[in-house]
Amino acid sequence: MDMSDAVIVNSSRLKSIVWNDFDRVKKGDTFVAICRHCKKKLSGSSTSGTSHLRNHLIRCQRRSNHGVAQYFSAKDKKKEGSLALVTIDQEQKNDEVLSIVNLRYEQEQIKSEHVAIGSNSLDQRRSQFDLARMIILHNYPLAMVEHVGFKIFVRNLQPLFELVTRNKVEADCMEIYAKEKQKVYEIFDKLPGKISVSADVWTASEDDAAYLSLAAHYIDENWQLKKKNLNFVTIDPSYAEDMHSEVIMNCLMDWDIDRKLFSMIFDSFTSDNIVERIRDRLSQNRFLHCNGQLFDVRCAVDLLNRMAHDALETLCEITQKIRESIRYVKSSEATQATFNELADEVQVETKKCLCIDNPLKWNSTYLMLEAASEYRKVFSCLRDRDPVNMKFLLSDPEWDRLITVTSFLKLFVEVTNVFTRSKYPTANIFFPEICDIHLQLIEWCKNPDEYISSLALKMRKKFEEYWYKCSSGLAVAAMLDPRFKMKLLEYYYPQLYGDSATELIDDVFECIKSLYNEHSMVSPLASSIDQGLDWQASGIPGSGKDSRDRLMGFDKFLHETSQAEGSSSDLDKYLEEPLFPRNVDFNVLNWWKVHTPRYPILSMMARNILGIPISKVAAESRFDTGGRMLNHNWSSLPPTTIQALMCSRDWIRSELES
């Protein structure tokens, strides 16, 4: 609009405070309001009011942000906790379009980071931390704060927020990490029990970088099962094994939890040498219970994944034929219609849908094979009608083998779901499931088909390596379930070992007694008598021979006679009492929380044993055929930043969930 002949209007009727920042100009019969800061032209007609002028001043980038509060209406000021939302007409919107090529922010730097707007406020520092937390929580790239679209969105949403650079948001993330890490330090310092640590290896999608992830698992003072990420450090796969063990030990000592460590959980393929080196270091300081017998724990879900991989590898040719058969059925509507007609003719009862699997999820391959096996008769009929296109159909022996191996996979899927979907994934739930797999492997090895028996022997070898390392820990955890106690061992071991069962059960019980005795020596209850005797012997200055001194001998007599008479221990009382009724929604941690006063020493042992994560695989990746992979948004960042983001994300999520 040409304003060369426009006239500035000074009218006593212009009472609104906004006119301190606008000139009202008349051009012919039209009134225009021109911002004195950015020279923007808006409607100045008396029928337009002044709301759009106030809204512009709040957004105006050339105007200082201080004193913006005066432009909020009284109605807006009453809305505590939220900024006034304004409606911008289309003409105004078009005028305010930002140049994507030359996007500049010229607002004055806010000297005071806390900007008041009427009864509302913008806390610049808090908003920056909220932005950093959002990036941490959702794996967003740090560079998003410099994306044009993000800047436009934030400017229109909250003009008062001073946008930050990528380097600044990275610094904020590091500050959040430092604060959250201090909280975790304090939690560990006050823990009533021991900590188990899981080790996991991650890779990056873009390169061959590898990362070691360590996480702490424990039961807190409220008998809640907790997990906290500790470290996410870069490792070189070419390093010698002693280097890897050294990295782990350094992380444990940095957290000052080496003396609190109860066990470590590794992948089933982790080198025994790495584990031995760590165990030897800790045993030198006598930090481990039972001479480290329960220290080395292998991930149960990882074992199931490896056995499933063996099964699918054996079925490789059969699986490919099934895929080709399904592709042919799905190749045209006519073929699909023919297949459906044949299914009706042979009266197939299943309603499962035929679909191609996702090779990255082995359970999807199982589901494909299971569905195909239920349409076995239909595929045979289709081959009779179209022998040319169905030449890759399975033979009868192949179908039989497929059905047998699919039953193996079905068991692995069911057990994996129990381990990862359990509402209370404590160590006690694993023993019966693992024993059932053990029994099934024994039976599968007896199959007369060498194809099946050789596969079963291959899986059984992996299983027995796991069982050798973990069976004692699993059995102790099962004993600490009041629904089972020693009865579960007495039920399964005769089926597994026959005449040798009694001797092996005795071995487990010796381990239990040894573990109990070690806990009794460090129990506050056990030491209270000794502390009391020491305190009484030392006397109280100026107290003379009071009643405490006179009864000191009685306390000593009571302590000695109770030991001589062999009074029942927590363990004895626990095992003598009846089993707790079995029910689906039983929470063993709640049971021990309630019964801690009755079994003070055994409850300490239960806290440490039940907190062992027999599986360390997250539910969302339980069927993955590959390892954990770092998000590509973060993999190019410096190692210290990656660790800060990964650990902070875990800590913040845990806090939100609780």
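Counting only distance, with no hydrogens or angles, the side chain of R622 and the backbone of A619 share a donor-acceptor pair below 3.5 Å. With N291 contributing its side chain and Q293 its backbone, the two residues share no donor-acceptor pair below 3.5 Å. No side-chain donor-acceptor contact under 3.5 Å links Y468 to the backbone of F463. Side chain of S325 to main chain of K321: a donor-acceptor pair is present (N/O by atom type, distance under 3.5 Å, no hydrogens or angles). In this structure a side-chain-to-backbone donor-acceptor pair under 3.5 Å is missing from H438 to I434. Side-chain N or O atoms of S283 include none that pairs as donor or acceptor with a backbone N or O of D280 at under 3.5 Å. The main-chain N or O of L360 is found under 3.5 Å from a side-chain atom of T625 such that the two form a donor-acceptor pair. Looking only at distances, no side-chain donor or acceptor of W467 sits under 3.5 Å from a matching main-chain atom of C435. Side-chain atoms of R649 never come within 3.5 Å of backbone atoms of N139 as a donor-acceptor pair (strictly under, hydrogens ignored). Side chain of T406 to backbone of L402: a donor-acceptor contact under 3.5 angstrom is found.
Ring centers of F262 and Y218: at least 6.0 Å apart, outside the cut-off. Checked against a 6.0 Å centroid threshold, the rings of H309 and W362 do not count as neighbours.
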Please test R279 against D272 for salt bridge (Lys or Arg N to Asp or Glu O under 4.0 Å), starting from the C-alpha separation and ending with a verdict. CA-CA 10 Å; R279 177 162 40 200; D272 289 343; over 6 Å; no

With salt bridge (Lys or Arg N to Asp or Glu O under 4.0 Å) as the criterion, how do E374 and K352 come out once you've worked through the C-alpha distance, each side chain's angles and the decisive distance to 0.1 Å? CA-CA 8 Å; E374 295 185 17; K352 292 177 181 175; 2.9 Å; yes

Between L602 and Y516, does the side-chain contact (heavy atoms from CB on, under 4.5 Å) criterion hold? Intermediate values first, please. CA-CA 7 Å; L602 195 60; Y516 175 83; 3.9 Å; yes

Could you please spell out the steps behind the side chain to side chain donor-acceptor pair (under 3.5 Å) verdict for N222 and D220? CA-CA 5 Å; N222 295 317; D220 67 10; 4.6 Å; no

So F586 and F580, ring-ring contact (aromatic ring centres under 6.0 Å, His included) or not? Walk me through it. CA-CA 10 Å; F586 177 73; F580 191 79; 5.3 Å; yes

Side chain to side chain donor-acceptor pair (under 3.5 Å) between D436 and Y492: does it pass, once the steps are laid out? CA-CA 9 Å; D436 280 339; Y492 277 113; 3.2 Å; yes

Could you walk me through whether S364 and D357 pass side chain to side chain donor-acceptor pair (under 3.5 Å), step by step? CA-CA 5 Å; S364 77; D357 65 321; 4.8 Å; no

Using the salt bridge (Lys or Arg N to Asp or Glu O under 4.0 Å) rule, take R460 and E464 through it: C-alpha gap first, then chi angles, then the decisive distance, then the call. CA-CA 6 Å; R460 186 175 177 181; E464 287 178 345; 3.0 Å; yes

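Within the 4.5 Å cutoff, the side chain of M479 has heavy atoms near those of the I512 side chain. In this structure, the side chains of T365 and P359 stay at 4.5 Å or more apart for every pair of heavy atoms. Put simply, the side chain of L261 reaches to within 4.5 Å of the side chain of V197, judged on heavy atoms. For the pair P482/V588, a side-chain contact is recorded, criterion being any heavy-atom separation below 4.5 Å from C-beta on. At least one side-chain heavy atom of D400 sits less than 4.5 Å from a side-chain heavy atom of R376. Using a 4.5 Å heavy-atom cutoff, the side chains of F232 and L630 are in contact. Residues F623 and L304 form no side-chain contact, since every pair of their non-hydrogen atoms from C-beta on lies 4.5 Å or further apart. No side-chain heavy atom of I442 sits under 4.5 Å from any side-chain heavy atom of Q495.
Salt bridge annotation for K183-E186: absent, with no cationic side-chain nitrogen under 4.0 angstrom from a carboxylate oxygen. With respect to K260 and D258, no salt bridge is recorded, no charged nitrogen being found less than 4.0 Å from a carboxylate O. Classification of R306 and E465 as a salt-bridged pair fails, no side-chain N sitting under 4.0 Å from a carboxylate O. Salt bridge K179/E175: present, at least one basic N to carboxylate O contact under 4.0 Å. Under the 4.0 Å criterion applied to side-chain N and carboxylate O atoms, R133 and D172 are not assigned as salt-bridge partners. Using a 4.0 Å cut-off between charged side-chain N and carboxylate O, R277 and E246 make no salt bridge. A salt bridge links K462 with D310: the distance from a Lys NZ or Arg NE/NH1/NH2 to an Asp or Glu carboxylate oxygen falls below 4.0 Å. Under 4.0 Å is where a charged nitrogen must lie from a carboxylate oxygen, and between R401 and E398 no such pair does. Look at R582 and D481 and you find no salt bridge, because none of the NZ, NE, NH1 or NH2 atoms lies under 4.0 Å from a carboxylate O.
Nearest approach of K194 to R259, heavy atoms of both residues: NZ-O, 3.2 Å. Closest non-hydrogen pair, N608 versus I612, comes out as O-CG1, 3.6 Å. Heavy atoms only, all atoms of each residue included: L230 and W255 are closest at O-NE1, 3.2 Å. Taking all atoms of both residues into account, the shortest heavy-atom contact from L225 to L589 is N-CD1, 3.9 Å. Nearest heavy-atom pair, S635 versus A204, reported as atom, atom and distance to 0.1 Å: CB-CB, 4.0 Å. What you find for I437 and F412 is that their closest heavy atoms are CG2-CE2, 4.4 Å.
In this structure, M243 places its CE atom where only 12 or fewer heavy-atom neighbours from other residues, nucleotides or ligands lie under 6.0 Å away. Other residues, nucleotides and ligands contribute at most 12 non-hydrogen atoms within 6.0 Å of the NZ atom of K487. In Y491, the OH atom is not crowded: 12 or fewer heavy atoms of neighbouring residues, nucleotides or ligands sit closer than 6.0 Å. In K410, the NZ atom is not crowded: 12 or fewer heavy atoms of neighbouring residues, nucleotides or ligands sit closer than 6.0 Å. More than 12 heavy atoms of other residues, nucleotides or ligands shown are found within 6.0 angstrom of CD on E620.
A distance of 3.5 Å separates SG of C251 from CG of N231, quoted to the nearest 0.5 Å. A distance of 10.5 Å separates NE2 in H138 from CD1 in I135, rounded to the nearest 0.5 Å. Atom-to-atom distance recorded for W651:CH2 and I176:CD1 is 12.0 Å, nearest 0.5 angstrom. Going from atom CG of L394 over to atom CH2 of W399 covers 5.0 Å, rounded to the nearest 0.5 Å. Here the straight-line distance linking atom CD1 of I257 with atom CG of L214 works out to 8.0 Å at 0.5 Å rounding. To the nearest 0.5 Å, the span separating CG on L303 from CZ on F419 amounts to 9.0 Å.
Under the 6.0 Å distance and 45° angle rule, R607 does not count as a cation-pi partner of W592.
A donor-acceptor contact closer than 3.5 angstrom links the side chains of N631 and N633.
For the side chain to side chain contact (heavy atoms under 4.5 Å, CB included) criterion with H217, the lone passing option out of K228, K226, K227 is K227.
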